[in-house]
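Working notes, beginning with the structure itself.
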Amino acid sequence: MQILTFVLGPVETNAYLVADETTNEAVVIDPAWDGLEISKAAQARGWRITQIWLTHAHFDHIGGVAALVKGVQPELTIAIHPADLPLWRAQGGAPLFGLTFDAGPEPQVRLADGEQLRLGNLEFEVRHAPGHTPGHVLFYCAVEKVLFCGDVIFANGIGRTDLPGGDYATLMNSIQTQVLSLPDETRLLSGHGEETTVGWERRWNPFLTQVL
Ligand SMILES: [Zn+2]
Ligand SMILES: [Zn+2]
């Protein structure tokens with residue numbers, strides 16, 4: 001598995017271009033902004049972007065979808081959990097921040113907890129982790145020991161729960177059951193900030209010490 005990280009947009013969101021280098025198929029997890037930059041990087045490596053997976057519908061995670069869709073072939077699919085569709089249709093909350101943007105075509109694939117997603121020869125498990133938003137999901141590749149965790153957990157932080165649809169108790173439960181249940185060596189690739197691991201956050205995350 002090859003992973004390229006882009007830090008994009010008004011609130012420095014991580015977008016991940018993930019490829020199976022044996023088939024050259026690629027997925028973009030959260031095309032945060034500047035979709036053209038992401039598609040050019042894929043082209044330069046000979047990768048074909050076939051899918052977009054959204055951890056959740058906040059505007060800073062979907063702002064690059066429209067440009068990305070224009071830059072690649074038409075059969076690209078966009079996937080989201082149905083509980084975040086209302087947020088997607090509300091421009092990902094952008095109007096709350098005084099912003100408007102082109103969100104691109106509506107996602108046509110509906111994700112469900114426990115579902116397996118395929119990228120070339122790689123398999124990912126969808127893990128529903130509400131609390132930051134109602135339809136937030138994580139993408140877990142057990143063989144590669146990687147969890148793409150969006151805005152659920154960060155290095156030494158957790159997702160905010162003060163935006164519409166957020167709920168603190170729900171988020172803490174999601175972190176316990178869907179993140180901390182994974183092996184310590186699992187890499188956490190978050191929606192913002194540096195990479196971390198399950199083991200590090202289990203021991204040192206100041207927001208989790210009270211529930212351990
Ligand atoms: Zn968010
Ligand atoms: Zn975010």
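Each ligand, and each atom within it, is numbered from 1 in the order the structure gives. Values below: every heavy atom of this structure, side chains too, minus hydrogens, waters and symmetry copies. The model shown is predicted, which means the values in this text are computed figures rather than measured ones.
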field: Set of salt bridge (charged side-chain N to carboxylate O under 4.0 Å, His left out) partners for Arg118, sequence neighbours left out
entry: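 By the salt bridge (charged side-chain N to carboxylate O under 4.0 Å, His left out) rule, Arg118 matches Glu123.
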task: For Glu144, check salt bridge (charged side-chain N to carboxylate O under 4.0 Å, His left out) against everything at least two apart and list the hits.
output: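 Glu144: no salt bridge (charged side-chain N to carboxylate O under 4.0 Å, His left out) contacts found.
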Which pairs of donor and acceptor atoms, one on a side chain in residues 129-141, lie under 3.5 Å apart (sequence neighbours left out)?
residue: His132; atom: ND1; partner: Arg160; partner atom: O; Å: 2.8
residue: His132; atom: NE2; partner: His56; partner atom: NE2; Å: 3.4
residue: His132; atom: NE2; partner: His58; partner atom: ND1; Å: 3.0
residue: His132; atom: NE2; partner: Asp151; partner atom: OD2; Å: 3.3
residue: Thr133; atom: OG1; partner: Asp84; partner atom: OD1; Å: 3.2
residue: Thr133; atom: OG1; partner: Asp84; partner atom: OD2; Å: 2.9
residue: Thr133; atom: OG1; partner: His136; partner atom: N; Å: 3.4
residue: His136; atom: NE2; partner: His56; partner atom: ND1; Å: 3.4
residue: His136; atom: NE2; partner: Asp151; partner atom: N; Å: 3.0

field: Beyond-backbone contact of Arg202 with Leu208, side-chain heavy atoms, under 4.5 angstrom
entry: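 Of all side-chain heavy-atom pairs linking Leu208 with Arg202, none is under 4.5 Å.
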message: For His192 and Phe154, take the angle between the two ring planes, folded into 0 to 90°, and tell me which bin it lands in: parallel under 30, tilted 30 to 60, perpendicular over 60.
response: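 Perpendicular, since the angle between the ring planes exceeds 60°.
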- request: For the Zn ion (ligand 1), state how many protein N, O or S atoms fall inside a distance shorter than 2.8 Å.
  value: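 Counting protein N, O and S atoms closer than 2.8 Å to the Zn ion (ligand 1) gives 4.
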query: What is the name of the N/O/S atom in His192 that sits closest to the Zn ion (ligand 2)?
result: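 Among the N, O or S atoms of His192, the one closest to the Zn ion (ligand 2) is NE2.
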query: Looking at Phe124 versus Trp53, is the centre-to-centre ring distance below 6.0 Å?
result: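 Distance test on ring centres: under 6.0 Å, yes.
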